[in-house]
Structures are given as C-alpha cells and as structure tokens.
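In each ligand, atom 1 is the first atom listed, and ligand 1 is the first ligand listed. Position 1 is the first residue of the sequence, and the numbers go up from there. Below, all heavy atoms of this structure are taken into account, side chains as well, without hydrogens, waters or symmetry copies.
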Amino acid sequence: MILYFSGTGNSRFIAEGIAQKAKDKLLSLTLLMKSSQDGVLLESDKPFVFVLPIYAWRVPRPVDEFIKKCTFKGSNEVYVIVDCGGTPGNALKYIKNSCKNIGLKLKGFDAINMPANYIMLYPTTVASNPNVQKALKIQKDKVESIADDIIQGKEFFRRPASFKGKLQSAIGNFFFYKTLISTKKFHVNDKCIKCTTCVARCPLNNITFIDGAPQWSNNCMHCTSCINGCPVEAIEYGDKTEMRNRYYLKQSYDDIV
Ligand SMILES: Cc1cc2nc3c(=O)[nH]c(=O)nc-3n(C[C@H](O)[C@H](O)[C@H](O)COP(=O)(O)O)c2cc1C
Ligand code: SF4
Ligand code: SF4
C-alpha cells in the first residue's frame, strides 16, 4: 500500500509512479486526514510505503501525528520516501522514532529532490516551466529505481544527514513551528470566483466560507495547497506573494514524458 500526503502534487506524483511500478494500491493520506482526525485502519500484505514532503527538515508534524493514530494490519514493514526542494536534513532520525511508535520496521529511506513550493517564503516556479518539466522527467528515473528496490524487498538508507542537517531538523524545525506558521497574512482579492477549491483541498479543514469569501482559522501547516492551488491566483500571503508564480503539479505520472 502506497500512502502519500501532498500539498502541491509532488509527493502524489512520486507515489503514483511507485504504485504503478509495484502494482500496489495507492491511497491519499491528505484525503484520509480531511475525513478523520482519529486515524484509520490500514491493511496491506505488502510493506507499507509512505511518500511525504519535507517541511522544515522533517516530515510535516500533523501528518506524523495522524500516522501515529492509525492502526496497521498485515505487513509489519515500511518504507519512507520523502521529497524536498533541497535537503531532508536529519528527517530519518525522527522517522525511525515514529516507525517504532507505530510498531513497523523501517526497511528503507530515500529522498527525491522536487520543485520547491514554499511560496510564502521564497519565489516559486510554475509547473509548466520547461526546466521544471525537464527536472520532473529526470526524477522519474529515481522514482523507478526506488520502486525496484522496494519490489525486491531491499534495505536502503540513503541521504545521511550532515552536521548542519542535524541542527536544521532539531533547532530549525522547532523555530519553524514556533514562529513561521501563521494564517494572519492570508487574504483573498477580488479575482476570487468562489469556486471553494481552497476549502475542499485544505488537509486540515482550516478554511471556511464566510459571507461568500474564504476565511482562515489557526489550524494550518503551511502546506501551500490553498495559495498555490487557487485556479485564479486570488490568494495572497502578505504582499510578497503578489509577484510570485504559483507551483502546483496537476500532471499525472504518465503525463511527464
Ligand atoms: C512549509 C514547508 C516547509 C518546507 N521545508 C523544506 C525543507 O526543510 N527542506 C526542503 O528541502 N524543502 C522544503 N520544502 C519544500 C517541499 O518539501 C517540496 O517542495 C515538496 O516536494 C512538496 O511536496 P508536495 O507538492 O507533495 O506538497 C518545504 C515546503 C513547505 C511548504
Ligand atoms: S480557490 Fe481561489 S477562487 Fe476558489 S474560492 Fe478559494 S480563493 Fe476563491
Ligand atoms: S490553510 Fe492553506 S496552507 Fe494552511 S493547511 Fe490549509 S491549505 Fe494548507
């Protein structure tokens, strides 16, 4: 069973590739999290495979917490594949702890570099940009090779953390949750067509429609799904995002050739 969480499509893309090659079931944790806060029963005879984005050099905290609430039946093995814009830091250390917590044996870990999506922090590129398309095509080779390793039941632990990575995952991650995550700067402009896509996509159900416009509560993980995924780019975060391109990967794994 291939389980993925994805804010802007990168992890979904990788998970699709692995599921296709491994002929295994594909399940969206993003949707599961939306529909249940209490965890769910997950059953698979083959090893579980998680595909997750990196947020502040670890897997996103709400996703980690949701996984810990789930019950796993069948296989007691798990692979964790993360994707990131630059480096996963020392995410593996924390993933190992979480796997112990849920009673699964971690058999493999790897990280795939994908286009960075944190538009609130830095400029991002549109997914249709030829350089992005080229990069995605190149990363498909890595996806296929990881899928082969999983099919063969290999053990692999790649992308060891540097000293800097260890600090980033420990201290950087702490400050990310303490100081960076806020919804105060989200606002919507008059381009909004009231399609409610942002409401439907938010994995934490943090957006509601009040008086015909989206409003943000405080339960946010900065996944960027709302701001990057709005079809008319009506959502801004402060004033810095006004000049920035939106990154949202809609293409399926087979669309990139
Ligand atoms: C809140 C947030 C924090 C991020 N932190 C990191 C990071 O620490 N290291 C990194 O290389 N990329 C980081 N990124 C980039 C994402 O990991 C990367 O773009 C990922 O592929 C997004 O996956 P998705 O499209 O499935 O959501 C961050 C993105 C967001 C939104
Ligand atoms: S996704 Fe964009 S256009 Fe649609 S309701 Fe939300 S802000 Fe408005
Ligand atoms: S409000 Fe937007 S950024 Fe925050 S969790 Fe929901 S979709 Fe993600």
Side-chain angles (χ1 to χ4, degrees), residues 4-16 28-30 33-34 50-63 81-91 94 111-122 124-125 127 132 135-136 139 159 161 164-165 167-169 171-173 175-177 180-210 212-237 241 246-251:
Y4 68 91
F5 174 87
S6 190
T8 58
N10 287 345
S11 314
R12 187 261 314 147
F13 177 83
I14 294 166
E16 262 179 32
S28 164
L29 278 174
T30 327
M33 282 171 68
K34 259 189 100 61
F50 285 107
V51 183
L52 308 171
I54 287 290
Y55 289 1
W57 307 283
R58 293 202 213 170
V59 301
R61 189 182 284 172
V63 180
I81 310 303
V82 296
D83 53 285
C84 53
T87 164
N90 198 19
Y94 303 88
I112 301 181
N113 276 65
M114 294 291 278
N117 67 347
Y118 201 0
I119 185 169
M120 288 87 106
L121 215 59
Y122 45 69
T124 44
T125 314
V132 171
L136 292 171
Q139 292 309 55
R159 299 285 289 261
K164 188 178 164 195
L167 289 180
Q168 285 168 324
S169 295
I171 300 164
N173 185 274
F175 282 106
F176 169 71
Y177 286 101
L180 262 191
I181 295 204
S182 159
T183 53
K184 287 201 184 94
K185 290 187 186 167
F186 277 121
H187 57 102
V188 66
N189 61 33
D190 55 15
K191 285 194 274 181
C192 176
I193 51 169
K194 307 185 195 312
C195 66
T196 70
T197 302
C198 49
V199 177
R201 288 219 181 112
C202 176
L204 298 177
N205 296 317
N206 189 47
I207 308 173
T208 38
F209 245 63
I210 300 172
Q215 305 269 330
W216 284 260
S217 300
N218 291 323
N219 184 25
C220 177
M221 61 196 283
H222 268 197
C223 74
T224 80
S225 188
C226 54
I227 182 166
N228 272 318
C230 170
V232 291
E233 301 185 9
I235 301 173
E236 302 291 354
Y237 190 80
T241 56
R246 269 47 178 171
Y247 179 80
Y248 198 94
L249 181 63
K250 287 191 193 139
Q251 288 157 294

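Aromatic ring centres of His222 and Tyr55: separated by at least 6.0 Å.
Considering backbone and side-chain N/O of Asn10, one or more are found under 3.5 Å from N/O of ligand 1. Taking distance alone, with nitrogen or oxygen atoms compared against 3.5 Å, Ser6 approaches ligand 1 more closely than that limit.
Atom 1 (C) of ligand 1 has as its closest protein heavy atom His222 O, 3.4 Å. Protein heavy atom closest to atom 7 (C) of ligand 1, with residue, atom name and distance, is Ile54 CG2, 3.6 Å. Scanning the protein for heavy atoms near atom 21 (O) of ligand 1, the closest one is Asp83 OD2, 2.6 Å. For atom 15 (C) of ligand 1, the closest non-hydrogen atom on the protein side is Asn117 OD1, 3.6 Å.
Contacts with ligand 1 closer than 4.0 Å are made by no heavy atom of Pro88, backbone or side chain. Contact annotation: for Ala56 versus ligand 1, heavy atoms closer than 4.0 Å belong to the backbone alone.
Applying the side chain to side chain donor-acceptor pair (under 3.5 Å) criterion to Ser169, with sequence neighbours excluded, gives no partner residue.
Residue nearest to atom 8 (O) of ligand 1, selected from Tyr55, Tyr248, Tyr247, Trp57: Trp57 (by heavy-atom distance). The option from Gly9, Gly85, Ala91, Cys223 that lies nearest to atom 12 (N) of ligand 1, judged by heavy atoms, is Gly85.
Distances below 4.0 Å separate heavy atoms of Val188 from the following atoms of ligand 2: 7 (S). Annotation for ligand 2: atoms under 4.0 Å from non-hydrogen atoms of Phe209 are 5 (S). Short contacts between ligand 2 and Val232, defined as distances under 4.0 Å to a heavy atom of the residue, involve ligand atoms 3 (S).
Considering only heavy atoms from C-beta on, Ser182 comes within 4.5 Å of Tyr237 through its side chain.
Shown here are the protein N/O/S atoms lying under 2.8 Å from atom 4 (Fe) of ligand 3, water excluded: Cys220 SG.
Exactly one of Asn117, Thr224, Asn228 qualifies for a side-chain hydrogen bond (donor to acceptor under 3.5 Å, both in side chains) with Thr8. That residue is Asn117.
Among the atoms of Cys192, an N, O or S atom falls under 2.8 Å from atom 8 (Fe) of ligand 2.
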